Amino acid sequence: MIFGKYVNKYYLKHIFALLLGVIALVSVDYFQLKIPEFYNYVVTGLGSKNGMITIGGQEVPFDLNFLLDKICAPMILTILVMALGRFLWRICMFGTAIKVETDLRERMFDHCKDLSQQYYQVNKVGNMMSLFTNDLSTINECFGDGTLMLVDALALTGLAIYKMSKLDPMLTLLAFIPMFLLFAVGTFVGKYMTKKWEERQEKFSQLSDFSQENFSGIAVIKAFVKEFKELWAFKKLNKENEKVNIEFTRISTLLHISVTFFVNSVICVILGYGGYLVYKGDFQVGQLIEFYGYFTSIVWPVMALSMLIDMTSRGKASLKRISELLDAKPDVVDGSSVENVEYIKGDIEFRNLDFAYPDGDYNVLENINFKICAGENVGIIGKTGSGKTTIVDLILRVYNVPNGSLFIDGKDVNTIPIKTLRDFCAYVPQDNFLFSDTIENNIAFSRDASSSDEVVKAAKLADVHENISEFPEKYATILGERGVTVSGGQKQRISIARALMKEASILILDDSVSAVDTKTEKVIIDNLRENRRGRTTILIAHRISTVEKMDKIIFVDDGKIKDVGTHNELVERCSDYKLMVELQKLEEEKGA
Ligand code: ADP
């Protein structure tokens, strides 16, 4: 059993299934404790000198009828009830645990989608994956097996102690002294195990982070012949993982050995002291066997108790990690000033914007001022690291924007619901990402419903239709890990097609034509101009040729706006821009 902020509600939600499981389990325990009574009857009956046996204060003959009516028939009934009960509690308890795991997983996934990009920069994918696999399955174990163990330990032990003390209270007390010691040892060791389990999970996360990064960056590793370096780094992490696992296993084994030791001590007490009582004539052999039968039936619950301590320790550590994820507040959310916005036309205005990243200690953007009118084609150009991506990230509200510094259609961006704003934007990120799915589904991803003709139209505008038509499966070609690998330029153009499908008021392309040749780039830009007439298009680029025909060029340098104007205007009045033009011309001539 496990308790905590994010699991308590499930006990209430599944109360009926859990209650049914508990009733079934307690019934099984009750019937299970009937069996030692039957042993007693048989042994006492066989040892009876006059062929009579006392049951419930009445003397009855120990004959074939007695064996059939009082032992075989009730025993068959007991076995049947136990089989049915066991089936029922398994379904109820383990089934509920699976439901809890599924529900919690869904909740975690739902929460993850609201977390900001910043969160994912701090928390690696491997770590997140281990929350969704290892930690969730530990919660499942604690909820299902844990509830079973706790109920079983309480019910079976309680019933058995009652029956044992009815037979001989002194023997019962002596038998339970080692059991109390076991409980004390288990509780103490459990605390240490929680700590070790946390370390174990941490190391596992590091290992999966490392593996995940290596698989993603395998091309870079191979190109730089760094396989051995990575292998050594992996070995080191793997060794640390092994060390902490061995430590955990050592302590867990110690606990299990202690259980066996204490259980055997009790058997010693029962046989020694119980045998003495039989010798003295205070106890019958049949009663000693019945007593021993009760004790053997509680060995498992007591073992379970120690396993429960171990499991709860692990469960607490896993729940702590999951709670940290669920407690993480989405930091980019709608503020109290949001209004209902039906439509976004595409006017964008920055007014004296200063911006520092949440974990940064300096302004990445300073005093940003420019205006884009709806329907304009705008290029943003500047050196790497000058702040171009940050500007478009703020338009998309990837980060929080200071009040009164960014206006969309004349409204402060903080008064526009984030979902509405993004609904009216289409975006091609720098590190464009395609899903392991068909090309058609990748392009159609940006729209809830679309026809194949619309997908083809978008692909034609992005100048990738011909490439797709050359694939044997055409638009049904599966991309990524399960399918074909497309070139960088094809990937960029499929991403552009996906963004174009949306027909959004604002289209942002972040360095999205860098991997295509200048001829293809020209075709795409001409198509964009033609197709997006009346809608805002922002294109971040490195090459002047990409943006020179745009209505407006925003020249960014070191987080500041150097100048805004047409290509000719900038060449005339901005010396840095002019220098950049000349340098790029020189480079082209050199290349040619
Ligand atoms: P550009 O798109 O012009 O290459 P960016 O907008 O990506 O430039 O980056 C501008 C500056 O902000 C750079 O100095 C970069 O290191 C920094 N930066 C970018 N992203 C982050 C981030 N998530 N956290 C902190 N600093 C960042």
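Order of listing sets the numbers, starting from 1, for every ligand and every atom in it. Treat the numbers as computed from the prediction; the structure is a model and nothing was measured.
The environment of Met129 atom CE is sparse: at most 12 non-hydrogen atoms of other residues, nucleotides or ligands sit within 6.0 angstrom. Counted within 6.0 Å of NZ on Lys457, heavy atoms from surrounding residues, nucleotides or ligands total 12 or fewer; the atom is thus considered open.
Taking 4.5 Å as the limit, every side-chain heavy atom of Asn352 sits out of range of all side-chain heavy atoms of Ile368.
Taking the charged nitrogens against the carboxylate oxygens, Asp463 and Lys460 have no contact shorter than 4.0 Å, which rules out a salt bridge.
Protein residues lining ligand 1, listed by chain and number: Gln121, Tyr357, Asp359, Tyr362, Val364, Lys383, Thr384, Gly385, Ser386, Gly387, Lys388, Thr389, Thr390, Tyr399 [non-hydrogen atoms, distance under 4.0 Å].
Between Phe350 and Phe407, the ring centre distance reaches or exceeds 6.0 Å.
In this structure, the side-chain contact (heavy atoms from CB on, under 4.5 Å) partners of Ala426, at least two apart in sequence or on a different chain, are Ala499, Lys502, Ala504, Leu507.
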